[in-house]
Amino acid sequence: MIKLYNTLTGKKEEFVSITPGRVNMYACGITVYDYSHLGHARGAVVFDLVRRYFQRKRYTVTYVRNFTDVDDKIINRAREEEKSADEVARTYIDAYNEDMQRLGVGPADIEPKATEHIPEMIEIITGLVEKGHAYAVDGDVYFRVASFPDYGKLAKRNLEDMRAGARVEVDERKQDPLDFALWKASKPGEPAWDSPWGPGRPGWHIECSAMGFKHLDQTFDIHGGGKDLIFPHHENEIAQSEAFSGRKFVNYWLHNGFVNINQEKMSKSLGNFFTIRDILDQYDAEIVRLFLLSTHYRSPIDFSDGNLKDARAGLDRFYTMKEGINNFLAGRGAPSEKPEHLVESIDRPLYDKILNLPRAFDDAMDDDCNTAFAIGLIYDLVRDVNKFLSEVENKREDAVIVVLSSAARAFDDVGSTLGLFLRDPEEWFREGRLIGKIAMPVEQIEEYVSQRNTARERKDWAEADRIRDILDEAGVVVYDRTGGTVWKPK
RNA sequence: GGCGGCGUAGCCAAGUGGCUAAGGCAGAGGUCUGCAAAACCUCCAUCAUCGGUUCAAAUCCGAUCGCCGCCUCCA
C-alpha cells in the first residue's frame, strides 16, 4: 500500500488510483527562458522517482510534464537577445532536456508546450465566461474568484485574509484583487493568438488545466510541483478546472521542498542559484542525484560543497563494496549445489537480509517515498556485505558465490528504481568521481604507480613513499592490495 | 499582518506514542599493512527551551526562543 502526503488534505493518505493499475500524473515543468538550476533538478528528479516507483509496483503510468513557452520573461529575454520568443523557448527546452538526460531523468510520456494548446485554453476560458466564472475587460479575461466557493482549499487560506494581506497593486479593472488573468491582451510586438476577446496570449495558470484535461482527463490521480507553486498557481488551477468541469480536478497534490543555500531558498530572484550544468561540470550526475535523494522530498535540502562531498564519499563506499563483489565473482562459475542448501552452511541471517532488501526498500518507499530511509537500508547492507567480504577466505567458495551474487542482484534491483548504484565500479572510480580532481594524465599516473611498485619490490620504502606523495599531490590516492596496486582519484 | 513548515550527535539525515533514537560524513582507539589507504571491530545523542496529557513522548497539547517558506514571477 502506497501512502502519499497530499497537500490538499494535509495528511498522508493511502493511494488509490482512479483506474486500477493505472496512474495519471502531471508535474509542472519549467518556464523556458534560462538555464535550469538545481531547484528545478530536484523537482524533476523527485517526480521521475515517483513515476519509477509506481512502475516498479506494476502500475502503468502516464506522466505529463509541460513546458511553459509563452510568458513575460521569455518575451523579455527574446527582446534582450533580439530573437523570437520561439527561438528562446526552443534553446532552453533543448538545454533542459540535455540536463535531464545527464541527471538520469527520463523524458515524460508527454511533454506538451503551452503554445500548442491555445485552442484548448480558449475553449476552457469561453466555458468559464459562459458559466459566469470569468469576465472579459479590454481584451483581458479574469477568473472571478468569488464565484468559486472552494477557493483557498489547497493553500488553506480564506479570501478575507488574502485580501487583507494583499501586497499586490490592485488592478482597477479587476472586480476583486484576487481575480487572476486567464487571458491577456497582447501589446504590439508580443506573441499573439486570435481569440473571442481579441489578439492575446494565455495567462500562466490556464495552460496546466488545458494540458491536464487533454492528455490525462478532467480528473486525474497526481499533480506535482514545487512548494512555491501551491499558491497561487495550483490553487488557481483547481479553481478554473473545477469551475469548468464541475468535477474534482486532482486527487493527490504532491509538492517537493526547496533547495536552499545557506538556509535560503535557491531562486532566480535572489540570484543565489547554480545551474544544473555548472554543477554537473564539477560533480558527477550520480553524486547530484544521490544528494537530492538523501533527503525526504518534502524537506528543504541545503546545497553545499560539503554535502556533495558526503554524497561522493557514499558512492565511493558503495562502489568499493561492489568492486569487492565483482572481484570475487570474476572467473568463478555458478555453484553446483542449490543456493538454499549452500547458504545454510555460512551466513543465513545475511542471506535473508539480502533477499529481503527489495521488500524493505518497498516499505520505505510506500511511506511517502522515503528515499532517505531507503538509502539508509542500502548502506546498512553495504556494511554487512563488506564484513562478509572481509571474512570470505574461511568460507565455502560456492556458498560465497551464492551470497555475493544475490547481493549484487538485490542492489541492482533497488538501484534501478533509484537510478543509483548501477555503474561498473571501474567506471565510477575512473570517470564518475574524477571530474576536475586530477592534475595529471592517466599515462603518467600509471608510470608512477609502476615505478613505485618496482621500488616496493626492492623494499625501497623511501622511494615508494616519495612517489606516493607526488601522486597524492596530484589528487591521486594509491593503495596496495593483495591482488596488486590500485589508484583512484582522491 | 495572515497562513504553513522546521529545530534530532561536530556536520548531513531517518524516526511522529512503547524493543538498545536508522544510515552516512567527520573524529578517537584497535585489526590488517613495510608504512599507508580501503575494509572490518569498538566508541561518540535522552531529540531547541519550559510546562502539560499519558502507565509510557523526540513523537500528542500549550507557551517561549530561533530559522525558513508562501501571501508578487518562482521547482
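Numbered from 1 within each chain, the chains take letters A, B, ... in sequence-line order. Model, not experiment: these values are computed from the prediction.
Applying the 3.5 Å distance criterion, the base of B:C35 shares a donor-acceptor pair with the side chain of A:D480. Side-chain N/O atoms of A:N158 and base N/O atoms of B:G2 include no donor-acceptor pair closer than 3.5 Å.
Within residues 412-420 of chain A, no residue has any heavy atom under 4.0 Å from RNA chain B.
Distance from the side chain of A:Y379 is smallest to B:G23 among B:A13, B:A75, B:G23. Comparing B:G69, B:A37, B:A13 against the side chain of A:V477 picks out B:A37 as the nearest. Comparing atom distances between the A:H40 side chain and each of B:A75, B:C35, B:A13 picks out B:A75 as nearest. With B:C35, B:C11, B:A75 as the choices, the nucleotide that has an atom nearest any side-chain atom of A:V259 turns out to be B:A75. Listed candidates were B:G34, B:C11, B:A75. Nearest to the side chain of A:W461 is B:G34. For A:R452, taking side-chain heavy atoms from C-beta onward, the closest of the listed nucleotides B:C35, B:A13, B:A75 is B:C35. Listed candidates were B:G69, B:G15, B:C35. Nearest to the side chain of A:D367 is B:G15. Nearest to the side chain of A:R468, among B:A75, B:A36, B:A14, sits B:A36. Distances from the side chain of A:Q263 to the nucleotides B:C70, B:C67, B:G24 place B:C67 closest. When distances are taken from the side chain of A:N370 to each of B:A36, B:C70, B:A14, the shortest belongs to B:A14.
Using bins of under 30°, 30° to 60° and over 60° for the plane-to-plane angle, the ring pair A:F291/A:F303 lands in the perpendicular bin.
The gap from the P atom of B:G4 to that of B:A26 amounts to 41 Å, rounded to the nearest Å. Nucleotides B:G30 and B:A9 have their C1' atoms positioned 23 Å apart, rounded to a whole Å. Only the C1' atoms considered, B:C47 is 24 Å distant from B:U42, to the nearest whole Å. Rounded to whole Å, the C1' atom of B:U16 lies 9 Å from the corresponding atom of B:A58. Straight-line distance between the P atoms of B:C61 and B:G27: roughly 40 Å, to the nearest whole Å.
Base pairing of B:A36: no nucleotide in any strand meets the Watson-Crick or G-U wobble criterion (both distances under 3.5 Å). Pairing partner, B:U54: none, since no Watson-Crick or wobble contact has both distances short of 3.5 Å. When Watson-Crick and G-U wobble pairs are counted only if both distances are under 3.5 Å, B:C25 pairs with B:G10. Checking B:U49 for Watson-Crick or G-U wobble geometry (two distances, each under 3.5 Å) identifies B:A63 as its partner. Nucleotide B:G69 is matched to B:C3 when pairs are restricted to Watson-Crick or G-U wobble geometry with both distances under 3.5 angstrom.
The CG atom of A:L49 sits 16 Å away from the C1' atom of B:A75 (whole-angstrom rounding). We find that CG of A:L377 is positioned 10 Å from C1' of B:A14, with the value rounded to whole Å.
An OP1 or OP2 oxygen of B:A75 is reached within less than 4.0 angstrom by no side-chain nitrogen or oxygen of A:K268. In terms of phosphate contacts, A:N307 brings no side-chain nitrogen or oxygen within less than 4.0 Å of OP1 or OP2 of B:C25.
A:H255 comes within 4.0 angstrom of nothing in the nucleic acid, heavy atoms only. Contacts of A:G39 with the nucleic acid, taken as non-hydrogen atoms under 4.0 Å apart, include base atoms.
Formation of a donor-acceptor pair under 3.5 Å by the A:R42 side chain with backbone atoms of A:F258 is found in this model.
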Give me, pair by pair, the N or O atoms of the protein and of nucleotides 39-43 of chain B that are less than 3.5 Å apart, along with how far apart they are.
| residue | atom | partner | partner atom | Å |
| --- | --- | --- | --- | --- |
| B:A39 | O3' | A:N386 | ND2 | 3.2 |
| B:C40 | OP1 | A:N386 | ND2 | 3.2 |

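Once rounded to the nearest 0.5 Å, the distance linking CD1 of A:I238 with NE2 of A:H223 reads 9.0 Å.
Per the stacking criterion (ring centres < 5.5 Å, plane angle < 30°), A:F373 does not stack onto the base of B:A14.
Within a 6.0 Å sphere centred on CD of A:Q263, other residues, nucleotides and ligands contribute 12 heavy atoms or fewer.
Taking the six-membered ring where the residue is Trp, the centroids of A:Y252 and A:F15 are separated by under 6.0 Å.
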